[in-house]
S.K.: 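Can you read through this structure? Questions will come right after.
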Amino acid sequence: MPLTVARKDELTAKIEAGERLTRQDGEDLYATDDLAWLGRLAHGVRTAKNGDVVFFNVNRHLNLTNVCTASCAYCSFQRKPGAKDAYTMRVEEAVRLASEMAPLGITELHIVNGLHPTLPWKYYPRVLRELKAALPQVALKAFTATEIHWFEEISGLTADAILDELIDAGLESLTGGGAEIFDWDVRKQIVDHKTHWEDWSRIHRLAHRKGLRTPATMLYGHIEEPRHRVDHVLRLRELQDETGGFQVFIPLRFHNDNNRLSHLPMAQPADVLKTFAVSRLMLDNFPHVKVFWVMHGLSTAQLALNYGADDMDGSVVEYKITHDADGFGTPDKLTRDDLLDLIRDAGFQPVERNTRYEVLGEYEGPVPQAKRRAEPQSVLS
Ligand code: SF4
């Protein structure tokens with residue numbers, strides 16, 4: 001049911017006063033059709049936290065193997081051993097691929113993989129050590145909590161010992177994946193691996209205690225309902241109250257190509273923008289909300305910057321998980337200049353950051369609308 005004017009006024013007053021929103025507030029925000037109102041509120045919060053800038057980093061995604069023991073219903077990436085397009089990189093190959101990017105000034109490698117059934121655990125710290133030796137200036141953001149849990153299983157070690165060894169090998173941050181939707185009724189239908197809220201939160205809590213800063217994601221737009229999205233961000237908000245170790249929240253739109261959920265329609269832009277806005281409003285203790293343009297398309301990603309997002313990932317040169325799933329013409333890479341143009345075109349000032357959100361460079365902001373209009377515009381080319 002659409003929200004009454006009185007309820008909207010109540011929520012507006014609460015948000016403008018900086019009061020924490022409840023589960024019911026979150027569900028009510030999802031119930032509104034007034035996207036302009038929701039966007040104004042989320043943009044106000046985003047601007048108060050981060051001004052008129054949009055952060056970005058220049059990174060490369062690297063998937064060491066697509067071989068996976070699990071078969072998650074939404075996954076377009078995993079292959080079974082022996083499949084003709086299954087692959088696993090040798091350490092040298094990973095280093096060679098990453099090194100090819102060095103001249104482009106990457107500051108981060110983002111590494112996620114399938115849960116390979118036979119690769120020994122020692123392979124993973126070895127890859128990190130070799131990458132760090134070859135690219136000492138590049139931060140290694142690697143492995144989901146699901147992979148850390150998998151390493152526990154294949155090594156017999158605790159997550160504590162695993163993280164210590166990975167940090168010693170050069171790990172700077174975990175990645176935020178494996179979160180999907182934490183609610184069990186949804187999760188049990190789409191997730192095939194063994195890492196659920198209890199282990200996901202245990203591993204991020206441990207990483208935060210060791211001084212790592214991590215992202216958190218949410219895969220939305222499949223079989224879940226808005227109340228599950230609210231529940232998901234409330235769990236993260238509570239964990240963030242405890243540890244303070246999350247840097248950024250990243251909503252990821254489910255893609256319906258080449259997986260077992262291909263019969264589902266994908267979230268439309270209005271739902272995307274609503275999800276960004278409500279997430280920004282609920283997660284009052286998260287410094288940043290990131291829009292991953294690969295998952296949303298460039299135009300919707302630009303709009304999301306006005307609905308709570310303040311960070312745009314990234315200068316991705318290769319991202320196999322999503323690129324395999326994309327039938328909408330979204331490019332598989334953007335250069336730094338492409339990204340600067342995209343951010344300015346959306347009306348924001350680009351700021352380059354590193355993995356820890358330290359500022360590496362500030363760029364000129366957009367040409368103001370008024371100045372653009374002062375020039376006569378040609379309507380015929
Ligand atoms: S989402 Fe991850 S764990 Fe699940 S099937 Fe795909 S690669 Fe494997």
Side-chain angles (χ1 to χ4, degrees), residues 59-101 104 106 109-124 126-128 130-131 134 140-151 153-154 175-180 189-195 217 219 221-222 252-264 266 292-297 313-334:
N59 63 8
R60 180 188 171 104
H61 287 239
L62 195 64
N63 309 121
L64 300 170
T65 179
N66 63 355
V67 176
C68 189
T69 52
S71 299
C72 300
Y74 53 84
C75 183
S76 313
F77 171 69
Q78 62 89 11
R79 297 290 184 272
K80 294 303 165 216
K84 75 172 177 345
D85 50 355
Y87 74 87
T88 300
M89 288 183 197
R90 298 174 63 84
V91 176
E92 300 70 27
E93 193 183 348
V95 172
R96 182 184 55 75
L97 271 174
S99 300
E100 283 170 11
M101 293 296 298
L104 298 178
I106 59 165
L109 273 172
H110 180 116
I111 306 170
V112 290
N113 318 289
L115 310 177
H116 196 289
T118 54
L119 266 180
W121 135 251
K122 284 287 179 188
Y123 166 85
Y124 301 95
R126 196 177 145 224
V127 174
L128 293 197
E130 301 272 332
L131 286 171
L140 302 178
K141 183 161 84 180
F143 312 125
T144 61
T146 308
E147 290 179 81
I148 301 296
H149 194 199
W150 177 247
F151 299 158
E153 193 162 327
I154 61 175
T175 68
E180 326 317 357
Q189 298 181 62
I190 62 167
V191 170
D192 186 46
H193 58 70
K194 294 183 187 155
T195 311
T217 62
L219 184 74
H222 40 86
L252 299 172
R253 183 171 68 145
F254 161 72
H255 276 228
N256 66 1
D257 281 358
N258 303 322
N259 56 49
R260 295 208 310 281
L261 299 179
S262 294
H263 56 286
L264 297 176
M266 281 169 49
F292 190 31
W293 57 260
V294 180
M295 289 289 211
H296 293 94
D313 191 7
S315 173
V316 180
V317 171
E318 181 180 49
Y319 189 65
K320 289 184 173 151
I321 290 180
T322 302
H323 190 57
D324 275 1
D326 191 323
F328 298 89
T330 304
D332 66 344
K333 65 178 176 183
L334 288 182

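Values reported hereafter were calculated over all heavy atoms of this structure, with side chains retained and with hydrogens, waters and symmetry mates removed. On a predicted model such as this, the values are computed, not experimentally measured, just so you know.
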S.K.: Counting N and O atoms only, with roles assigned by atom type, does the side chain of N256 sit under 3.5 Å from a partner on the main chain of L264, one being a donor and the other an acceptor?
M.R.: yes
S.K.: Using only atom types and a distance under 3.5 Å, with no angle test, would you say the side chain of T88 pairs donor to acceptor with the backbone of T65?
M.R.: no
S.K.: What distance do F254 atom CZ and S76 atom OG have between them, rounded to the nearest 0.5 Å?
M.R.: 7.5 Å
S.K.: Any chance you could measure I190, atom CD1, to E180, atom CD, to the nearest 0.5 Å?
M.R.: 6.0 Å
S.K.: State, to 0.1 Å, how close Y123 and L64 come at their nearest heavy-atom pair, and which atoms those are.
M.R.: OH-CB, 3.6 Å
S.K.: Backbone N or O of D85 within a donor-acceptor pair of the N66 side chain at under 3.5 Å?
M.R.: yes
S.K.: Considering non-hydrogen atoms only, spot the tightest contact between F292 and L252 and give its length.
M.R.: CD2-CD2, 3.7 Å
S.K.: Determine whether a donor-acceptor pair (N or O, by modelled atom type, separation under 3.5 Å) exists between the side chain of T146 and the backbone of T195.
M.R.: no
S.K.: Quick one: SG on C75 to CG on L219, what's the gap to the nearest 0.5 Å?
M.R.: 10.0 Å
S.K.: Is R96 paired with E92 through a side-chain N to carboxylate O contact shorter than 4.0 Å?
M.R.: no
S.K.: What are the two closest heavy atoms between L115 and C68, and how far apart are they?
M.R.: N-SG, 3.3 Å
S.K.: Identify which one of H255, H222, M266 satisfies the side-chain contact (heavy atoms from CB on, under 4.5 Å) criterion when paired with L261.
M.R.: H222
S.K.: Measuring from atom CG of N59 to atom CG of D313, what distance do you get when rounded to the nearest 0.5 angstrom?
M.R.: 5.0 Å
S.K.: Okay, side chain of N113, backbone of N63: is any donor-acceptor separation there less than 3.5 Å?
M.R.: no
S.K.: Are the side chain of K80 and the backbone N or O of V67 linked by a donor-acceptor pair below 3.5 Å?
M.R.: no
S.K.: Could you measure the distance from the NE2 atom of H110 to the NZ atom of K141? Nearest 0.5 Å is fine.
M.R.: 5.5 Å
S.K.: Checking W150 side chain against H116 main chain: does a donor-acceptor pair fall under 3.5 Å?
M.R.: yes
S.K.: Which atom pair, heavy atoms only, marks the closest approach of A142 to L128?
M.R.: CB-CD2, 4.2 Å
S.K.: Taking all heavy atoms of D192 and all of S71, pick out the closest pair and write down the distance.
M.R.: OD2-N, 2.6 Å
S.K.: Using every non-hydrogen atom in the two residues, find where V95 and L131 come nearest and quote the distance to one decimal.
M.R.: CA-CD2, 3.8 Å
